[in-house]
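Just below is one structure, and these are the notes that go with it.
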2 protein chains.
Amino acid sequence: MLKNNEFIDKLRASGLRPTKQRLKICEVLFNREKTFHFTINDLAKNISEQLNEKISLATVYNTVHAFKEKGYLKEISINSNKSYFDTNISDHHHFFDEDTSELIDCDNEDIEEINIKKNITGKKINSVEVLIKIASDNQNQK
Amino acid sequence: MLKNNEFIDKLRASGLRPTKQRLKICEVLFNREKTFHFTINDLAKNISEQLNEKISLATVYNTVHAFKEKGYLKEISINSNKSYFDTNISDHHHFFDEDTSELIDCDNEDIEEINIKKNITGKKINSVEVLIKIASDNQNQK
DNA sequence: TCAACAGTTTAGAATAATTATAATGTAGTT
DNA sequence: AACTACATTATAATTATTCTAAACTGTTGA
């Protein structure tokens, strides 16, 4: 739970001006107990429900991308028509529920360490993301 | 290396009519030594280069999705503005080169078995996909 | 063989997410 | 206060993909 002043400092420290739009977005994204997953549309809706004056969709895009650049958000690799983001920037993986299109965190304790034996010369590994697609188990219960 | 007749049988066997468009797409996709990755656009371009009369883009979409339904293609989970498909339908993972946007197979021998400890009640695991993002290692060579 | 029908193809329109544009606004500095 | 670079905004543009409805074709069975 950060306060407005802390957001201001954090933004300034990373070279982003603390505008009122960015502060509002910080509040919506980071002023929570738990991390969560969202799409740009989710976020824009969330903001407009909480706010009288609206924030332009372009600003939401700009801000989310800026926050991602600065490492305050992670983009999740899933092939969907829209992009998913995560406020949990720690190293972790995901379940994707194909019935509900819902993302669920899979913490590192829930998965054995992944050891990649192959090496691509001249390249370094930036990230290793596991996506576990799940769906209702009805088939097997017949 | 399959012949035209074999494609016809395969299509019929899975309830798809062997039209000349589908046979051409089969040829482009499956008449090769090695499996490969592609986007719809790649495929459409590839076809139009090899063919005088063109295949409608809608048909390419329809066919790729039909082939995916039947299990002849796999879609790769990567967050990009476009969808990537793979003619290698075996269980395997991918490197994604962020410099070139190129996908590289990571065979199962190249990665230790992934053991998921967490269980989501009432849900079965449909797939486990690992995406390893890589990029040039120049930074470290300074 | 051929008519009938369901499955396919097609061009083009529609949709949806995202990015670009260019004018206006604002934070930070002098 | 004034200047400047960065931000926001509405809107247009772009891009991948899906939809639509008409024309076409593979298959079946008389």
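None of these values were measured; they are calculated from a predicted model. A note on names: the letters A, B, ... follow the listed sequences, proteins ahead of strands, and every chain is numbered from 1. Quick note: numbers below take in every heavy atom, side chains included, and nothing from hydrogens, waters or symmetry partners.
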Sugar-phosphate, base or nothing in reach of A:Asn41, heavy atoms under 4.0 Å: nothing
I need the [atom1]-[atom2] distance between [X] and [N], as an integer number of Å.
X: B:Leu51; N: C:dT10; atom1: CG; atom2: P; value: 10 Å
X: B:Asp42; N: D:dT17; atom1: CG; atom2: P; value: 11 Å
X: A:Lys82; N: D:dA16; atom1: NZ; atom2: P; value: 19 Å
X: A:Asn79; N: D:dA16; atom1: CG; atom2: C1'; value: 13 Å
X: A:Tyr84; N: C:dA17; atom1: OH; atom2: C1'; value: 13 Å
X: A:Ile8; N: C:dT26; atom1: CD1; atom2: C1'; value: 14 Å
X: B:Leu11; N: C:dT9; atom1: CG; atom2: P; value: 10 Å
X: A:Lys24; N: D:dT8; atom1: NZ; atom2: C1'; value: 17 Å

Tell me whether the side-chain N/O atoms of [X] come closer than 4.0 Å to OP1 or OP2 in [N].
X: A:Lys54; N: D:dA10; answer: yes
X: A:Thr39; N: C:dA17; answer: no
X: A:Tyr61; N: C:dT18; answer: yes
X: B:Arg22; N: D:dG26; answer: no
X: A:Arg12; N: C:dA27; answer: no

Which one, [options], comes nearest to the side chain of [X]?
X: A:Gln21; options: C:dT8, D:dT8, D:dA10; result: D:dT8
X: A:Ser56; options: D:dA10, D:dT17, D:dA7; result: D:dA10
X: B:Ser83; options: C:dA27, C:dA11, D:dT17; result: D:dT17
X: A:Thr63; options: D:dT8, C:dT9, D:dT27; result: D:dT8
X: A:Arg17; options: D:dT27, D:dA5, D:dA16; result: D:dA5
X: B:Thr59; options: C:dT9, D:dT27, C:dG28; result: C:dT9
X: A:His65; options: D:dT18, C:dT19, D:dT9; result: C:dT19

Would [X] and [Y] count as a cation-pi pair here, with the cationic atom under 6.0 angstrom from the ring centre and within 45° of the axis?
X: A:Lys74; Y: A:Tyr84; value: no
X: B:Lys10; Y: B:Tyr72; value: yes
X: B:Arg32; Y: B:Phe30; value: no

Do you see a donor-acceptor pair shorter than 3.5 Å between the side chains of [X] and [Y]?
X: B:Ser83; Y: B:Glu75; value: yes
X: B:His37; Y: B:Asp105; value: yes
X: A:Asn62; Y: A:Thr59; value: no

Nearest-nucleotide comparison on DNA chain D, the residue closer to the 5′ end among B:Leu16 and B:Asn81: B:Asn81
5' priority, DNA chain D, between B:Lys20 and B:Ala58 [closest heavy atom]: B:Ala58
Residue whose closest nucleotide on DNA chain C lies nearer the 5' end, B:Gly15 versus B:Leu57: B:Gly15
